[in-house]
Number of protein chains: 2
Amino acid sequence: MSDAPKLTEQQIYERIWKSIAERRLPPGTRLKEERLCEIFGVSRPRIRRALDQLSHDGLVCHIPNRGAFVSTPSVDEARDVFFTRRVVERGVIDALKDNVSDDTLSALKGHIEQERQALRDGDTSQTIRLSGAFHMLLAELAASPLLADILRDLVSKSTLVTAVFQPKSDTQCGPDEHASIVDALARGDFEAAKSAMDAHLLEAEHTLQLEASGDGQPFPTDVLGAALTEDT
Amino acid sequence: MSDAPKLTEQQIYERIWKSIAERRLPPGTRLKEERLCEIFGVSRPRIRRALDQLSHDGLVCHIPNRGAFVSTPSVDEARDVFFTRRVVERGVIDALKDNVSDDTLSALKGHIEQERQALRDGDTSQTIRLSGAFHMLLAELAASPLLADILRDLVSKSTLVTAVFQPKSDTQCGPDEHASIVDALARGDFEAAKSAMDAHLLEAEHTLQLEASGDGQPFPTDVLGAALTEDT
DNA sequence: TAATCATAAATTGTTAACAATAATTGTAGA
DNA sequence: TCTACAATTATTGTTAACAATTTATGATTA
């Protein structure tokens with residue numbers, strides 16, 4: 001009747017991860033085990049293990065005997081995420097030093113073009129996805145799988161942070177700022193690339209409202225089905 | 001008969017993690033679920049979840065239908081670990097900029113004194129533990145819990161790397177190099193501190209034999225009981 | 001009418017039994 | 001004597017039933 005391939009817990013982890021990272025599952029969303037079983041068509045232990053992984057990543061907050069919820073970062077955590085990203089992404093550019101081929105550059109430029117297209121189309125979900133993906137692409141082109149792993153975590157946490165502290169999501173990570181990083185790389189000026197990256201991340205942090213209400217938004221009721229079923 | 005407190009999976013995770021990080025469980029060691037159940041006196045799912053976490057950290061390699069083994073890093077992974085540590089630990093020093101109080105400095109100096117003592121005593125296990133702990137202490141004194149988490153992972157991976165690629169473990173992370181970092185911090189010279197850290201990590205990397213045999217050491221038979229029971 | 005306590009429903013956490021897969025050992029044949 | 005095949009054993013993976021904890025609802029009392 002449907003997909004018999006019997007999703008592995010890794011795949012479930014990925015799916016939920018992606019839904020959180022692309023903001024289809026907002027902070028505070030309850031992740032009821034039974035409901036997830038229905039959605040993915042697997043038994044509870046499988047779901048449980050996937051949730052454990054997410055909880056270990058800090059994307060999901062697991063309260064004993066209460067259940068799992070999409071994490072709602074605090075102001076301090078928000079600042080920390082951005083600080084850490086600056087540290088890590090400077091490292092990414094260092095790791096790129098010996099890997100800036102023409103292919104690399106055209107891949108990056110192609111990506112930025114996609115970002116511009118999504119922005120023109122007004123496709124918010126796609127825009128969010130691509131903004132994060134740019135940073136990931138940079139990391140994956142670099143010579144450090146470990147840094148890329150670390151950054152994947154950080155980017156997904158950033159998404160949560162912006163979901164909480166940036167009510168109007170139009171002030172996203174802009175393609176132009178990404179372009180200026182790539183331009184610097186194209187010139188071989190890595191110091192400039194690092195500065196551009198730093199400025200870009202600081203800019204993103206400053207668009208957030210990190211003084212006001214820590215939390216207070218109501219928990220949505222049942223977005224799970226819609227959020228998790230799509231395989232964008 | 002013994003500890004009834006019923007270890008939580010988090011505690012089990014910590015115990016195994018620590019045993020790996022302190023090199024009591026060498027790379028390649030098989031982690032048989034049933035055996036671990038006996039040792040910790042808990043049921044299999046509990047062990048399973050702990051192993052999943054470790055596997056997600058990359059400290060344990062989980063082969064389907066085969067079981068879990070302490071990871072044996074490759075040469076490329078070894079280099080990557082050290083590269084990433086340089087990136088992250090430079091960030092740690094940045095994060096320390098506003099936190100260098102007298103208490104901080106005396107804590108660091110006290111730690112180095114402990115390291116010297118352990119080295120004098122010829123206590124290898126303690127020396128390994130304290131070497132890693134110095135870097136962790138630095139990270140915990142900094143204002144970034146996230147960086148500290150990331151570094152914890154990296155330090156434990158470093159331990160695996162040195163276990164594989166440094167047959168003679170006497171050429172460890174020396175207290176003197178740690179001292180020169182702290183001295184720079186005491187002077188308020190953060191650039192010097194970063195340089196010292198970089199040099200220290202490069203030095204550590206260079207003492208490894210990263211050209212020769214990738215793997216070839218036999219798997220030890222049953223060190224689990226001895227390695228995990230001790231609560232050092 | 002509001003607040004508190006008790007009961008009931010729902011959800012997570014745990015345990016135990018079962019099935020499937022892979023490794024090892026032993027045997028038979030060349 | 002060595003190789004290949006088969007059977008047994010051991011270990012992981014899965015499923016299902018059970019227990020404990022929490023939350024919500026409703027009734028009773030002040």
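Per chain, numbering begins at 1; letters A, B, ... match sequence-line order. Just so you know, these numbers use all the heavy atoms, side chains as well, and skip hydrogens, waters and symmetry mates. The structure presented is a predicted model; accordingly, all values stated were derived computationally and were not measured.
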For DNA chain C, the residues among residues 59-68 of chain B that have a non-hydrogen atom under 4.0 Å from it:
B/Asn65, B/Arg66
Would you kindly give the [atom1]-to-[atom2] distance between [X] and [N], to the nearest whole Å?
{"X": "A/Ile47", "N": "C/dG13", "atom1": "CD1", "atom2": "C1'", "value": "16 Å"}
{"X": "A/Lys32", "N": "D/dA24", "atom1": "NZ", "atom2": "P", "value": "11 Å"}
{"X": "B/Arg35", "N": "D/dT12", "atom1": "CZ", "atom2": "C1'", "value": "18 Å"}
{"X": "A/Arg49", "N": "C/dT14", "atom1": "CZ", "atom2": "P", "value": "15 Å"}
{"X": "A/Ile12", "N": "D/dT14", "atom1": "CD1", "atom2": "P", "value": "10 Å"}
{"X": "B/Glu9", "N": "C/dT12", "atom1": "CD", "atom2": "P", "value": "15 Å"}

Residues in side chain to side chain contact (heavy atoms under 4.5 Å, CB included) with A/Ser158, at least two apart?
A/Val81, A/Arg85
Considering just the side-chain nitrogens and oxygens of [X], establish if one lies under 4.0 Å of OP1 or OP2 belonging to [N].
{"X": "B/Arg48", "N": "D/dG13", "value": "yes"}
{"X": "A/Ser43", "N": "D/dT15", "value": "yes"}
{"X": "B/Arg46", "N": "C/dT14", "value": "yes"}

Apply salt bridge (charged side-chain N to carboxylate O under 4.0 Å, His left out) to B/Asp198 and list each qualifying residue two or more places apart in sequence or on a separate chain.
B/Arg90
Which residues pass the salt bridge (charged side-chain N to carboxylate O under 4.0 Å, His left out) test with A/Arg66, not counting sequence neighbours?
none
Search all heavy atoms of B/Ala163 against all heavy atoms of B/Pro27 and return the closest pair with its distance.
CB-CD, 3.8 Å
side-chain hydrogen bond (donor to acceptor under 3.5 Å, both in side chains) against B/Arg79, all qualifying residues, sequence neighbours excluded:
none
Considering only residues two or more places apart or on different chains, which pairs with a residue in residues 136-152 of chain B satisfy salt bridge (charged side-chain N to carboxylate O under 4.0 Å, His left out)?
B/Glu140-B/Arg152, B/Asp149-B/Arg152
Assign each of B/Glu34 and A/Arg44 to its nearest nucleotide of DNA chain D by heavy atoms, then name whichever residue's nucleotide is nearer the 5' end.
B/Glu34
